[in-house]
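Take a look at the structure below.
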Amino acid sequence: MSEKKSFNEIIHSGKPVLVDFFAEWCGPCKMMKPILEELKSKMGDDAIIIKIDVDKNQAMAATHNVRGVPTLAVFKDGKVAWKKSGVMGADQLETLLRQYI
């Protein structure tokens, strides 16, 4: 079993990392859960998908200028390569992530 990695270690892993900044109370955020599960099954080990609760990680949300939820961001080599607020489909996200592999 692997130990939990820090956010910094994850975004510097060499793979594109999709970060879903969300909140438990957010309706559209709940819609993203099955979309991200579908995306994970399509991407396999080609990309990493993580969720960050903005209420529990306010400093991180502020650092990345997350003003609304859900906000999706793609990190490549530790830097934000793409960011957008709102719900997106698994196919759109897969196309987007494959550009960074």
Side-chain angles (χ1 to χ4, degrees):
M1 213 190 289
S2 67
E3 61 187 78
K4 204 167 190 175
K5 290 185 176 180
S6 74
F7 180 74
N8 221 25
E9 287 174 308
I10 293 168
I11 64 171
H12 285 90
S13 67
K15 294 180 181 181
V17 180
L18 176 67
V19 180
D20 174 20
F21 291 97
F22 78 102
E24 292 292 339
W25 48 264
C26 161
C29 298
K30 292 176 182 155
M31 292 167 49
M32 284 305 301
K33 188 172 195 264
I35 293 169
L36 294 175
E37 287 169 358
E38 179 186 342
L39 179 64
K40 179 66 184 156
S41 70
K42 289 178 174 202
M43 295 297 299
D45 290 334
D46 290 343
I48 298 168
I49 301 169
I50 61 174
K51 294 173 70 69
I52 295 180
D53 185 329
V54 296
D55 291 330
K56 293 178 183 164
N57 298 282
Q58 293 177 353
M60 186 181 293
T63 299
H64 296 291
N65 295 317
V66 175
R67 303 205 189 304
V69 285
T71 291
L72 301 167
V74 175
F75 287 81
K76 180 67 178 170
D77 300 322
K79 295 181 175 55
V80 176
W82 175 92
K83 185 167 96 171
K84 184 176 185 218
S85 294
V87 175
M88 289 183 69
D91 292 340
Q92 284 175 292
L93 290 169
E94 179 185 12
T95 300
L96 176 73
L97 278 173
R98 295 226 179 261
Q99 294 173 26
Y100 298 104
I101 294 174

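Not measured: the values here are computed from a predicted model.
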Which pair of heavy atoms, one from [X] and one from [Y], lies closest together, and at what distance?
X: P28; Y: V87; answer: O-CG2, 3.5 Å
X: V69; Y: A23; answer: CG2-CB, 4.1 Å
X: I35; Y: A90; answer: CG2-N, 3.5 Å
X: P70; Y: C29; answer: N-SG, 3.5 Å
X: E9; Y: S6; answer: OE1-N, 2.8 Å

If you group Ile, Leu, Val, Met, Phe, Trp and Tyr by side-chain heavy-atom gaps below 4.5 Å, do [X] and [Y] land in one group?
X: V74; Y: V66; value: no
X: L18; Y: I101; value: yes
X: Y100; Y: F75; value: no
X: V80; Y: I11; value: yes
X: L72; Y: M43; value: yes

Would you mind reporting whether D53 and F22 have side-chain heavy atoms less than 4.5 Å apart?
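Yes - at least one pair of side-chain heavy atoms lies under 4.5 Å apart.
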V17 and F7, any side-chain heavy atoms less than 4.5 Å apart
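Heavy-atom side-chain distance check fails, nothing below 4.5 Å.
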For M88, run the side chain to side chain contact (heavy atoms under 4.5 Å, CB included) check against L36, L39, L93 and tell me which one passes.
L93
Quick one: pull up [atom1] in [X] and [atom2] in [Y] and give me the separation to the nearest 0.5 Å.
X: E24; Y: D55; atom1: CD; atom2: CG; answer: 8.5 Å
X: I52; Y: T71; atom1: CD1; atom2: OG1; answer: 11.5 Å
X: K15; Y: K76; atom1: NZ; atom2: NZ; answer: 10.5 Å
X: K83; Y: H64; atom1: NZ; atom2: NE2; answer: 8.5 Å
X: I50; Y: K5; atom1: CD1; atom2: NZ; answer: 11.5 Å
X: D91; Y: K42; atom1: CG; atom2: NZ; answer: 3.5 Å

Kindly check if the number of other-residue, nucleotide or ligand heavy atoms within 6.0 Å of CZ (R67) is above 12?
no
For D45, look at atom CG and say whether over 12 heavy atoms of other residues, nucleotides or ligands are found less than 6.0 Å away.
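Open: at most 12 neighbouring heavy atoms sit under 6.0 Å from CG of D45.
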Check this for me: does any side-chain nitrogen of one of D20 and K33 sit under 4.0 Å from a carboxylate oxygen of the other?
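A salt bridge is absent here (no side-chain N lies under 4.0 Å from a carboxylate O).
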